[in-house]
Amino acid sequence: MEDFWAGALWALKVWLYLIIGLIMVPAMFGFSLGISETYMNILVKTLEWATLKIQRAHADEQTLKASSSNGLIQREGGSMEKELEELRRSRPKPPVGGDFTFSDCFYFTRRGIESIVEDEVTQRFSSEELVSWNLLTRTNNHFRYISLKLTLVYGLGIIVRYCILAPLRITLACIGLTWLVIGTSAVGLLPNGRIKSWLSEWVHVMCYRICARGLSATIRYHNRENKPQKGGICVANHTSPIDIVILCNDGGYAMVGQVHGGLMGVLQRAMVRSCPHIWFERAEMKDRHLVTKRLRDHVNDKTKLPILIFPEGTCVNNTSVMMFKKGSFEIGGTIYPVAIKYDPKFGDAFWNSSKYSMVSYLLRMMTSWALVCNVWYLPAMHQKEGEDAVQFANRVKSAIAHQGGLLDLQW
Amino acid sequence: MGSRASTLLREEEIEEIKKETGFSHSQITRLYSRFTSLDKGENGTLSREDFQRIPELAINPLGDRIINAFFPEGEDQVNFRGFMRTLAHFRPIEDNEKNKNQAASEPLNSRTNKLLFAFRLYDLDRDDKISRDELLQVLRMMVGVNISDEQLGSIADRTIQEADTNGDNSISFNEFIKVLEKVDVEQKMSIRFLH
């Protein structure tokens, strides 16, 4: 028994040293040993092989192949006037204005049933359906048994993901968060000044880098010359809470949010000690003027970090950008739009808050293959003369949607 | 878990629905995913509120009537079978089905059944007659508020006059079929389902 515990302890020590040496230290200082790259290469090759196998098996089953659309129905593109005219073609036109036939209802009925089967909005709040299976159980909607080899690879994938990767990632995430709390509290003890802000930014970025490794995140930043500057407002599309980790890997931001209790509360209080974030009490959130004033004060102080805001207000499944709330666009600072696009092949990053709690969501993230995403920094935008907040918000939304390859919805 | 949807629908049920409605296996599983995603209460049935949550349906002038068509007489919940039965009306009529005449009952997506679906949208009290009042109600829903009551009334009168053959000032189902006999119902009341 004694030997067993001694052996287990020794294994644990080796495990921790390996993690610290191979993953944490490079993460902290921003260089890479190439382990993740190798992993990603192997992963990409495996998934491509799997896709080919599935496609070959399905080739004979497909009679009606809709290659680019993954939808359930094909919608006619006609306008209402054109369709109603076609429906009424069988009758002579009446002499006086105002026309109606019984067949007019066909158009509305068909459009109504089409929207019941598939509409643009409600499908954005459930995970995106993949065109081809990526060997995860959770995305297995209608993929059936293909071959023994594929099933073996899938089984191997489960073992690797749950027994090797998940514990590794959980350890890293715990280390990252603990270090964040300790580090920011330590920096908070220093007097205000340039050294403090520099150190605080360094600690923040370092801890977020560890957390990003804890999710096996591969992030590609584009157009870094447009990175948000101090005193501005950074605006991005929202898919999950991990967006924060993704963006903060590349620089410090001031966060905005509600004060929480529990673990989140500890994190919030620690973070605010080292640099000014904006946390609102629940009651304060209702008072819009107070909120706007606090944000405006922060923005006007040019030494403070740019504020990070997600104007959609809720998590969407990363295939489209929903209507932006105009509140952030009334503050009056420079807006730096950022587009974030996750690659769904490696893992579904969308947080369906009605279906999964935060903890089960994080566990799902840690048992996916990886998290691959692209971040585009767009050039700064200002409110134009004669443009109101809503129009400005829509303009920014279109820019983000266009850059990220997302659908720009009017809802 | 994400694949919950297809595992809750048993193979026998899928086969039964396939026979009754004519949808393919994959179409049924995908429509079941859609059904469960609309079912916020997760009790296996949809209520009227579940439908009203769809924004595009909420702005449709006939939205409420279409939603009503899903619910059997006097009931407030529709299960998946009922959902599929109603959607089956909108399947396109395939060529090989036109030749099938040995079926005891007509397929749900036949021309007559499509017309019956539209007829029931007008005939709210289900007395198999579209009265002048029922027609006025639908007209009001579809044309909005910028036409006066008298104009609306004259449009309704003219429409009834054109279709009414037995002079009872209301439209029966046969008169309805007759007045629409030149309209391409098969195409206009069909939705092209993929897969």
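Both backbone and side-chain heavy atoms feed into the values below; hydrogens, waters and symmetry mates do not. All chains are named by letter (A, B, ...) in the order of the sequence lines, taking the proteins before the strands, and each is independently numbered beginning at 1. What you are looking at is a predicted structure, and each value in this text was computed from that prediction instead of being measured.
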Main-chain N/O of Glu56(B) paired with Arg111(A) side-chain donor or acceptor, under 3.5 Å: no
Enclosure of Gln161(B) CD (heavy-atom neighbours >12, cutoff 6.0 Å): no
Closest heavy-atom pair and its distance - Leu38(B), Ile116(A): CD1-O, 4.0 Å
Polar side-chain atom of Arg110(A) near backbone of Met189(B) as donor-acceptor pair, under 3.5 Å: no
Gap separating the CD1 atom of Ile113(A) from the CG atom of Leu87(B), nearest 0.5 angstrom: 6.0 Å
Atom pair CZ/SG of Phe119(B) and Cys105(A) - distance to nearest 0.5 Å: 11.5 Å
side-chain contact (heavy atoms from CB on, under 4.5 Å) evaluation trace for Phe106(A) with Leu180(B): CA-CA 11 Å; Phe106(A) 289 176; Leu180(B) 292 174; 3.9 Å; yes
Reported CD1-to-CD distance for the pair Ile54(B) and Glu118(A), which is rounded to 0.5 angstrom: 11.0 Å
Over 12 non-hydrogen atoms of neighbours within 6.0 angstrom of NZ in Lys178(B): no
Smallest separation among heavy atoms of Ile66(B) and Phe108(A), with atom names: CD1-O, 3.7 Å
Atom group of Leu135(B) that falls short of 4.5 Å from chain A, counting heavy atoms: side chain
Contacting moiety of Phe176(B), where chain A heavy atoms sit under 4.5 Å: side chain
Ion pair Asp119(A)/Arg34(B), N-O distance below 4.0 Å: yes
Structural part of Ala156(B) lying under 4.5 Å from a heavy atom of chain A: neither
Rounded distance [0.5 Å steps], OG in Ser37(B) versus CG in Asn352(A): 10.0 Å
Contact class of Leu57(B) relative to chain A, heavy atoms under 4.5 angstrom: both
Portion of Phe35(B) that has a non-hydrogen atom of chain A nearer than 4.5 angstrom: neither
